[in-house]
Amino acid sequence: MEGEEESSAGAMIDEIYSNGGDAKRNRPIISGEALDIEAYASLYSGRTKITRLLFIADRCENRQMQMEAYRMAYDEIKKGENTQLYREVVQKIDGRLGPQYGLDLVWTESVERRADQRKEKLENELNAYRTNLIKESIRMGYNDFGDFYYAHGLLADAFKNYVRTRDYCTTSKHIIHMCLNAILVSIEMGQFTHVTSYVSKAEQTPEALDPVTVAKLRCAAGLAHLEAKKYKLAARKFLETGAELGNNYTEVIAPQDVATYGGLCALASFDRTELKNKVIDNLNFRNFLELVPEVRELIHDFYSSHYASCLDYLGNLKANLLLDIHLHDHVEMLYNQIRHKALIQYTHPFVSVDLRMMANAFKTSVAGLEKELEALITDNQIQARIDSHNKILYARHADQRNATFQRVLQTGNEFDRDVRAMLLRANLLKHEYNLRASRKP
């Protein structure tokens, strides 16, 4: 028996020391390699593909990656009709990719000439439809105008025309179509209050919602909550996104993004029970996590208290996450919240913790760890005190005996007060006090 106890105790100490997974686990950590821009861009379509490439090019410090992003954005723009954006990209390239990536005046003039002809045709058709008062035709006319402006990068005009179709919608499907168009343009413009509004409007017509549309609305709502820094609500929306999404919403978001956004928001905002029930045991969300193994592994590491391994994954992902058009503003805040939760979770089961062991588990210095713990103690997130001389953290566990006596006394006082109130009421009723008072002139 003693031998078994010693071996189990030894295993427990080893586990505490190797909470990061260094001594016991040999799972490879992802490398901090540069983002594969071609593979990344292939996940998206339409305008978001171009804006994501330009975002990477503007923020990336690696010149080779920057030029590759500009080159792909240039090629993608020439497949469309947005001449204004084309000129901006040519200006940013500034001849660094050679003459074949310079300003193609023949192409721009041809596109703009066709655009003028198309716009005149659409105006004539819409005027005819409005004269004939055919609601469906008018709706289609405004919708075509919205598509036209969207293709040419005039997002505000596109939004106005898409919204104008609302007055001419005759079926629930028309309303859903209008909402999805308005949501798409609002996301492109960064107007996430509009996104929330039109998601809500679309959800008011459940009879017309198919599983793919529901998944799209969940993603749009998740992006809106993410932008508003409501990470718990964002996590819930991404976790509720159905596998039907697939590659059906690549003009806004890729399935890999659902895993990344949902996983990080959940880590930052969920407690252990929610993390287990809503993320790890969520069969639907597991399909998304399989697409991003790094996020899946860091979630499992966090839940298993392998913090150094979890933080290694986060550290390796950080550079690429900072190049994400929706997540870049939130990376620091999410990472801080995840780290603080890990520190709190680590200290919770123990009466005392050796700061040297804890610093080893979190791969940080003892001095740095002390500062982090001081901030959490000051913020009342950890109930403890630090012995700076001996480098030990002592938990402030409440005196259970005293707390029990206090609760008993409080219950007794409440019972005494309630009995006195009941006796007073009984006496008032007995002497008909209320009745007499009501008879006074």
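This is a predicted model, so every value here is computed, not measured.
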Which atom of Ala220 lies closest to which atom of Tyr249, heavy atoms considered: CB-OH, 4.5 Å

Exercise: identify the closest heavy-atom pair between Arg166 and Tyr198: NH1-OH, 3.9 Å

Intermediate values then yes/no, side-chain contact (heavy atoms from CB on, under 4.5 Å), Leu223 and Val195: CA-CA 9 Å; Leu223 288 175; Val195 173; over 6 Å; no

Residues that His194 engages under ring pair (Phe, Tyr, Trp, His ring centres under 6.0 Å), provided they are two or more places apart: Phe159

Ile56 versus Ala69, closest heavy-atom pair with distance: CG2-CB, 4.4 Å

NZ/NE/NH1/NH2 to OD/OE distance under 4.0 Å, Asp167 and Arg139: no

Side-chain touch Tyr335/Leu311, heavy atoms, less than 4.5 angstrom: no

When the side chains of residues 147-158 are checked against the rest of the protein, which donor-acceptor pairs come out under 3.5 Å, sequence neighbours left out?
from   : atom 1 : to     : atom 2 : distance (Å)
Asp147 : OD1    : Tyr162 : OH     : 2.5
Tyr150 : OH     : Glu188 : OE2    : 3.4
His152 : ND1    : Phe148 : O      : 2.9

Minimum side-chain heavy-atom gap Ile134-Tyr129 below 4.5 Å: no

Donor-acceptor contact present, side-chain Asp416 to main-chain Gly412, <3.5 Å: no

Check: Asn127 main-chain N/O paired with Thr131 side-chain donor or acceptor under 3.5 Å: yes

Asn124 CG: over 12 foreign heavy atoms closer than 6.0 Å: yes

Intermediate values then yes/no, side-chain contact (heavy atoms from CB on, under 4.5 Å), Met140 and Glu125: CA-CA 10 Å; Met140 289 298 293; Glu125 287 177 351; over 6 Å; no

Residues Ser305 and Tyr307: side-chain donor-acceptor under 3.5 angstrom: yes

Test item: side-chain donor near acceptor, Arg52 and Tyr40, under 3.5 Å: yes

Distance in Å, Arg218 CZ paired with Arg236 CZ, rounded so as to fall on 0.5 Å steps: 13.0 Å

Under-4.0 Å salt bridge between Lys278 and Glu240: no

Heavy-atom neighbours of Glu414 CD exceed 12 at 6.0 Å: yes

Any side-chain heavy-atom pair of Tyr44 and Leu53 under 4.5 Å: no

Parallel, tilted or perpendicular, as decided by the 30° and 60° cut-offs, for the rings of His328 and Phe55: tilted

Neighbour count above 12 (heavy atom, 6.0 Å) for Lys230 NZ: no

Asn248 side-chain N/O to Leu245 backbone N/O, donor-acceptor pair under 3.5 Å: yes

Pairs flagged by salt bridge (Lys or Arg N to Asp or Glu O under 4.0 Å) wherever residues 54-77 is involved - sequence neighbours left out: Lys49-Glu76, Asp58-Lys92, Glu68-Arg71, Arg71-Asp75, Glu76-Lys79

Check: Thr260 side chain, Asp257 main-chain N or O, donor-acceptor pair, under 3.5 Å: no

Pair Asp210-Thr213, side-chain donor/acceptor within less than 3.5 Å: yes

Side-chain H-bond candidate by donor/acceptor type, Thr411 with Arg407, under 3.5 Å: no

Closest contact, heavy atoms only, Ser269 versus Ala235: OG-CB, 4.4 Å

Heavy-atom pair with the smallest gap, counting every atom of Phe302 and Ile338: CE1-O, 3.6 Å

Under 3.5 Å donor-acceptor, Ser304 side chain and Asp301 backbone: no

Arg425 side-chain N/O to Met422 backbone N/O, donor-acceptor pair under 3.5 Å: no

Distance (rounded to the nearest 0.5 Å) between Ile299 CD1 and Lys276 NZ: 13.0 Å

N-O pairing of Glu112 and Lys119 below 4.0 Å: no

Charged N-O contact under 4.0 Å between Glu274 and Lys232: yes

Under 3.5 Å: donor-acceptor pair, side chain of Thr165, backbone of Asn161: no

Over all atoms of both residues, closest heavy-atom pair of Leu226 and His326: CD2-O, 4.0 Å

Full working for side-chain contact (heavy atoms from CB on, under 4.5 Å) between Thr83 and Trp107: CA-CA 9 Å; Thr83 54; Trp107 179 80; 4.2 Å; yes

